[in-house]
Amino acid sequence: MSEEKNEPLDFIRTIVSNDVANGCKVVTRFPPEPNGYLHIGHAKAICIDFGVAREFGGVCHLRMDDTNPTKEDVEYVDSIQDDVRWLGFDWEDKFFYASDYYEKLYEFAMEIIRRGKAFVCDLSADEVKEYRGNLTEPGKESPFRNRSIEENLDLFERMRKGEFPDGSRTLRAKIDMAHPNVHMRDPAIYRIRHAHHHRTGDSWCIYPMYDFAHCLSDSIEGITHSLCTLEFEIHRPLYDWFIEAAGATPHPRQIEFSRLNLTYTVMSKRRLLELVQGKHVNGWDDPRMPTICGLRRRGYTPEAIRKFCEILGITKTNSLSDIALLEHCLREDLNKRAPRVMAVMDPLKVVIENYPEGQCEELEATNNPEDPTQGERLVPFSRNIYIDRNDFMEEPPKKFFRLAPGAEVRLRYGYFIRCTEVIKDAAGNITELRCTYDPETRGGSAPDGRKVKGTIHWVSADHAVEAEVRQYDRLFSVENPGAEDNWLDCLNQDSLEIKKAYLEPELTKAVPGFICQFERQGYFCADKDSTPEKLIFNRTVALRDSWAKTQNKN
RNA sequence: AACCCCGUGGUGUAAUGGUAGCACAAGUGGUUUUGGUCCACUUAGUCUAGGUUCGAGCCCUGGCGGGGUUGCCA
């Protein structure tokens, strides 16, 4: 039952809700073809398929739509299950393959032939294409269209036995060669493929087409609502035709919604594959990829992705969603849960001249100001520290609240320091800062009540651990690369910047997948290849930066 | 070109014949030991022309615009 009474329902939930009110028990399904990795567009579909089922007290099946042995592979079957599970959904024992139904589908085909609604056609693929006509002109009927039922039955059985070579014959539906919907012009039901199937091996040499196998698989599983994306809308009349022609029950209802498109990325399997094969990214789980495994490696959480899909809503409108919304959902989630630590990416050495040489103290730092239950930790402080280079300006503009000659700032959870001297090399580059600290300001507040406007992060140079940090930016430099002819030319050449960083020693303990906030910078996730000896962090998403914004305006 | 689908602020959506609302983005201010978070405020919308109606974003007709479809892929 839909729990939020006053929340408006999307059009699909409205339909399902009415059906439930009429006594319908909801069964949906997520039916990927195991020929590639899932991406965030699939996540939307998964959230809809599993979400609708759960909300209305039903179940959602996970079914591998494996009807084309030449394109599919077990490699993908596992990754698909991992990704759906990681997203937080459970199919219980309802895990199926379309190939489970090959025998039943064959029987359905025989039934359609017996009803005189299908025939074996000897036309070649090219001939079929010629006979089909085009969008404005009707097609013409195959010369084999009027074979007797007996002959069709015989031929189809012999197709199954392997008596004919690939492509020599097909089983076709007998519908209407003049139909304005070209999918209704006697579409193929079975084709001959002497190919090894990843599950059925060599037991079949004929394989059912999607339109036929999909609707009947839905019926076999008792699917009530077959939810899919808009490009299948025009297939629906054929979907309904097959169910009727085969005499299959129940008759699932197909409802279509628009796919997810995201700014600054591409979503089609073909393009994603091209990015991987062309080495424009480092594999399917490259953190810049919109694949589920890529997002996971980057540090995205299932909660953030689900929230995003929820906010998106469901419509039939073609749309291009702003990736900023996804990032908003991510930050909102991570802000609540990610512990804070300090890390310096572009180090500038600071020597605190009045701090005793060799002394070290442990300063108490809050792990997450948004969540007191995360407690505190101790951060070592010493005479030599690193700060971020862009937290210092020799000639600061107005409203620059960070460190500058003569200026005072607070070191986060540390002391107030004041810059007394700027040291440069022969080329004029700043190599080091000399500062003094106020011993009275330990922890970050002054007993005399004086305020500082700026607080900057730091690490003790004597205690810091090194790490490789991979800073990711959007993969493409244009909003809708998929719309460009030369979409690969739109790749953002600076989508990955690798840096050496200095971190609090605490981070040595970070295990792969650990997500934290580097204060004032962003959320970072320990990469799967990270080890205590060689720490690697991926930048999941940067913090919002209103200072950068005001600067860009000038 | 034929058929099908879709047009609401910049973006994603709500309003199911009765006050066009929400979120993101953008902007302004406040709070702040993260220039983060949080809070307040501002900007900005029904593709178009008719029709039905007391009343139309919603219903009808035409136009315009966008998408999908012409695999023995899914």
Side-chain angles (χ1 to χ4, degrees), chain A residues 7-8 10-11 14 31-33 35 65-68 70-72 121 123-126 128-129 132-139 166-172 179-185 187-193 206-207 209-211 213-214 228-237 256 258 260 263 269 308 311-329 331-332 335-336 340 342 365-366 369-370 399-402 410-414 443-445 451-457 479 517-522 542-551:
Chain A
E7 287 286 299
D10 56 71
F11 79 99
T14 302
E33 182 188 17
N35 72 342
D65 231 334
D66 56 348
T67 54
N68 187 349
T70 63
K71 292 194 174 174
E72 294 144 10
C121 181
L123 255 26
S124 69
D126 286 342
V128 166
K129 195 173 178 180
R132 186 159 36 235
N134 56 43
L135 294 179
T136 51
E137 291 161 29
D166 286 3
S168 60
R169 290 181 220 262
T170 52
L171 180 70
R172 290 225 265 161
H179 200 108
N181 178 349
V182 292
H183 292 282
M184 299 295 274
R185 318 242 262 228
I189 301 177
Y190 271 87
R191 75 284 214 186
I192 301 173
R193 284 256 200 294
I206 55 172
Y207 291 93
M209 300 291 294
Y210 165 84
D211 286 310
H214 190 261
C228 64
T229 45
L230 244 29
E231 69 271 25
F232 295 103
E233 194 164 32
I234 201 159
H235 295 240
R236 193 174 61 223
E256 311 84 9
S258 63
L260 170 66
T263 53
K269 262 184 199 174
F308 173 65
I311 289 176
L312 280 176
I314 311 173
T315 64
K316 301 185 70 160
T317 316
N318 291 300
S319 60
L320 178 61
S321 296
D322 195 339
I323 196 160
L325 181 59
L326 211 209
E327 293 175 341
H328 163 79
C329 294
R331 291 191 188 102
E332 188 179 52
N335 178 49
K336 289 180 306 203
R340 272 60 167 172
M342 292 194 284
T366 302
E370 304 295 316
K399 294 202 172 177
F400 182 84
F401 303 134
R402 309 175 190 177
R410 171 167 42 233
L411 294 176
R412 178 78 155 155
Y413 299 123
S445 54
K451 303 282 184 197
V452 288
K453 189 78 178 162
T455 301
I456 65 174
H457 60 276
E479 266 205 338
Q517 183 195 105
F518 289 177
E519 290 223 23
R520 303 208 302 136
Q521 302 182 88
L543 251 31
R544 291 183 50 152
D545 189 350
S546 57
W547 170 246
K549 265 182 210 168
T550 56
Q551 286 213 304

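A note on names: the letters A, B, ... follow the listed sequences, proteins ahead of strands, and every chain is numbered from 1.
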**Item:** For atom NZ of A:Lys451 and atom P of B:rU32, their distance in whole Å
**Value:** 7 Å

**Fill in**
Sorted by chain and residue number, the side chain to side chain contact (heavy atoms under 4.5 Å, CB included) partners of A:Tyr413 (sequence neighbours excluded) come out as A:Ala365, A:Thr366, A:Glu519

**Message:** From CD of A:Gln551 over to P of B:rG35, roughly how many Å is that when rounded to an integer?
**Reply:** 13 Å

**Message:** Walk along nucleotides 12-18 of chain B from 5' to 3' and tag each nucleotide B, S or - by protein heavy-atom contact under 4.0 Å, base first, then sugar-phosphate.
**Reply:** SSS-B--

**Fill in**
In whole angstroms, the gap separating C1' of B:rA25 from CZ of A:Phe308 amounts to 13 Å

**Asked** More 5' along RNA chain B: A:Thr136 or A:Asp211, using each one's nearest nucleotide?
**Response** A:Thr136

**Fill in**
Output field dot_bracket for RNA chain B (Watson-Crick or G-U, both distances under 3.5 Å, | for other-strand pairs) contains .((((((..((((....[..)))).(((((.......)))))....(((((..]....))))))))))).....

Identify each atom pair where a protein N or O and an N or O of nucleotides 68-73 of chain B are less than 3.5 Å apart, giving names and distance.
| from | atom 1 | to | atom 2 | distance (Å) |
| --- | --- | --- | --- | --- |
| B:rU69 | O3' | A:His183 | NE2 | 3.4 |
| B:rU69 | O2' | A:His183 | NE2 | 2.8 |
| B:rG71 | OP2 | A:Arg132 | NH2 | 2.6 |
| B:rC72 | OP1 | A:Arg132 | NH1 | 3.4 |
| B:rC72 | OP2 | A:Arg132 | NH1 | 3.3 |
| B:rC72 | N3 | A:Gly167 | O | 3.4 |
| B:rC72 | N4 | A:Leu123 | O | 2.8 |
| B:rC72 | N4 | A:Ala125 | N | 3.0 |
| B:rC72 | N4 | A:Gly167 | O | 3.1 |
| B:rC73 | OP1 | A:Arg193 | NH2 | 2.7 |
| B:rC73 | OP2 | A:Arg191 | NE | 3.1 |
| B:rC73 | OP2 | A:Arg191 | NH2 | 2.9 |
| B:rC73 | OP2 | A:Arg193 | NH2 | 2.5 |
| B:rC73 | O3' | A:Arg191 | NH2 | 3.1 |
| B:rC73 | O2' | A:Asn68 | ND2 | 2.9 |

**Request:** Look at the side chain of A:Glu370 against the base of B:rG36 and say whether a donor-acceptor pair falls under 3.5 Å; ignore hydrogens and angles.
**Result:** yes

**No-hydrogen, no-angle side-chain donor-acceptor test under 3.5 Å, A:Arg191 and A:Thr170** = no

**A:Ser124: partners by side chain to side chain donor-acceptor pair (under 3.5 Å), with sequence neighbours left out** = A:Glu127

**Prompt:** Salt bridge between A:Lys71 and A:Glu33, side-chain N to carboxylate O under 4.0 Å?
**Reply:** no

**Prompt:** Does a distance-only test, which skips hydrogens and angles, find a donor-acceptor pair under 3.5 Å between the side chain of A:Arg544 and the base of B:rG35?
**Reply:** no

**Message:** Using a heavy-atom cut-off of 4.0 Å across all strands, would you classify A:Gln517 as base, sugar-phosphate, or nothing?
**Reply:** base

**Message:** At 4.0 Å (heavy atoms only), tell me whether A:Pro369 reaches a base, stays on the sugar-phosphate, or touches nothing.
**Reply:** base

**Message:** Can you check the distance between B:rC3 and B:rU16, where both ends of the measurement are the P atom (answer in whole Å)?
**Reply:** 33 Å

**Request:** Not counting sequence neighbours, which residues clear ring-ring contact (aromatic ring centres under 6.0 Å, His included) with A:His457? List them please.
**Result:** none

**Request:** Pick the P atom in B:rU19 and in B:rU61, then give their distance to the nearest Å.
**Result:** 25 Å

**Request:** Rounded off to whole Å, could you give me the NZ-to-P distance for the A:Lys399 and B:rG29 pair?
**Result:** 6 Å

**Message:** Just to be sure I understand the rule, does A:Glu233 reach a base, reach only the sugar-phosphate, or reach nothing, if contact means heavy atoms closer than 4.0 Å?
**Reply:** sugar-phosphate

**Prompt:** Taking the C1' atom of each, how far is B:rC38 from B:rG45, in whole Å?
**Reply:** 29 Å

**Item:** P gap between B:rC24 and B:rA20, integer Å
**Value:** 23 Å

**side chain to side chain donor-acceptor pair (under 3.5 Å) involving A:Asn335 - partner list, sequence neighbours excluded** = A:Arg340

**ring-ring contact (aromatic ring centres under 6.0 Å, His included) partners of A:His183, counting only residues at least two apart** = A:His235

**Complete:** Contacts of A:Ser445 meeting side chain to side chain donor-acceptor pair (under 3.5 Å) (sequence neighbours excluded), chain-then-number -> none

**Request:** Taking atom P in both B:rA15 and B:rC22, compute the distance separating them and give it to the nearest angstrom.
**Result:** 15 Å

**Message:** Under the rule for salt bridge (charged side-chain N to carboxylate O under 4.0 Å, His left out), what residues qualify as partners of A:Glu370, not counting sequence neighbours?
**Reply:** none

**Item:** hbond_proxy A:Glu332 side chain to B:rU37 base (donor-acceptor, 3.5 Å cutoff)
**Value:** no

**Message:** Base, sugar-phosphate or nothing for A:Tyr207? Non-hydrogen atoms, less than 4.0 Å.
**Reply:** nothing

**Prompt:** Syn or anti for B:rG71, taking syn as within 90° of 0?
**Reply:** syn

**Message:** Output the rounded distance in Å from CZ (A:Phe518) to C1' (B:rG35).
**Reply:** 19 Å

**Request:** Check every strand shown and say whether A:Arg172 touches a base, only sugar-phosphate, or nothing at a heavy-atom separation below 4.0 Å.
**Result:** nothing

**Request:** Select base, sugar-phosphate, or nothing to describe what A:Lys336 touches, counting heavy atoms under 4.0 Å on all strands.
**Result:** nothing

Filtered N/O pairs between nucleotides 42-48 of chain B and protein, under 3.5 Å:
none

**Asked** Looking at A:Arg520, does any N or O in its side chain come under 4.0 Å of the phosphate oxygens OP1/OP2 on B:rG35?
**Response** yes

**Request:** Determine the interatomic distance between P on B:rU8 and the same-named atom on B:rU43; round to the nearest Å.
**Result:** 22 Å

Taking distance alone, no hydrogens or angles, what donor-acceptor pairs closer than 3.5 Å link side-chain atoms of residues 316-323 of chain A to residues at least two apart or in another chain?
| from | atom 1 | to | atom 2 | distance (Å) |
| --- | --- | --- | --- | --- |
| A:Lys316 | NZ | A:Glu233 | OE2 | 2.5 |
| A:Asp322 | OD1 | A:Ala324 | N | 2.9 |

**Request:** For A:Thr263, answer base if it contacts any base atom (sugar-phosphate contacts may also be present), sugar-phosphate if it contacts only those atoms, and nothing otherwise; contact means non-hydrogen atoms under 4.0 Å.
**Result:** nothing

**Asked** Base, sugar-phosphate, or nothing for A:Arg236, non-hydrogen atoms under 4.0 angstrom?
**Response** nothing

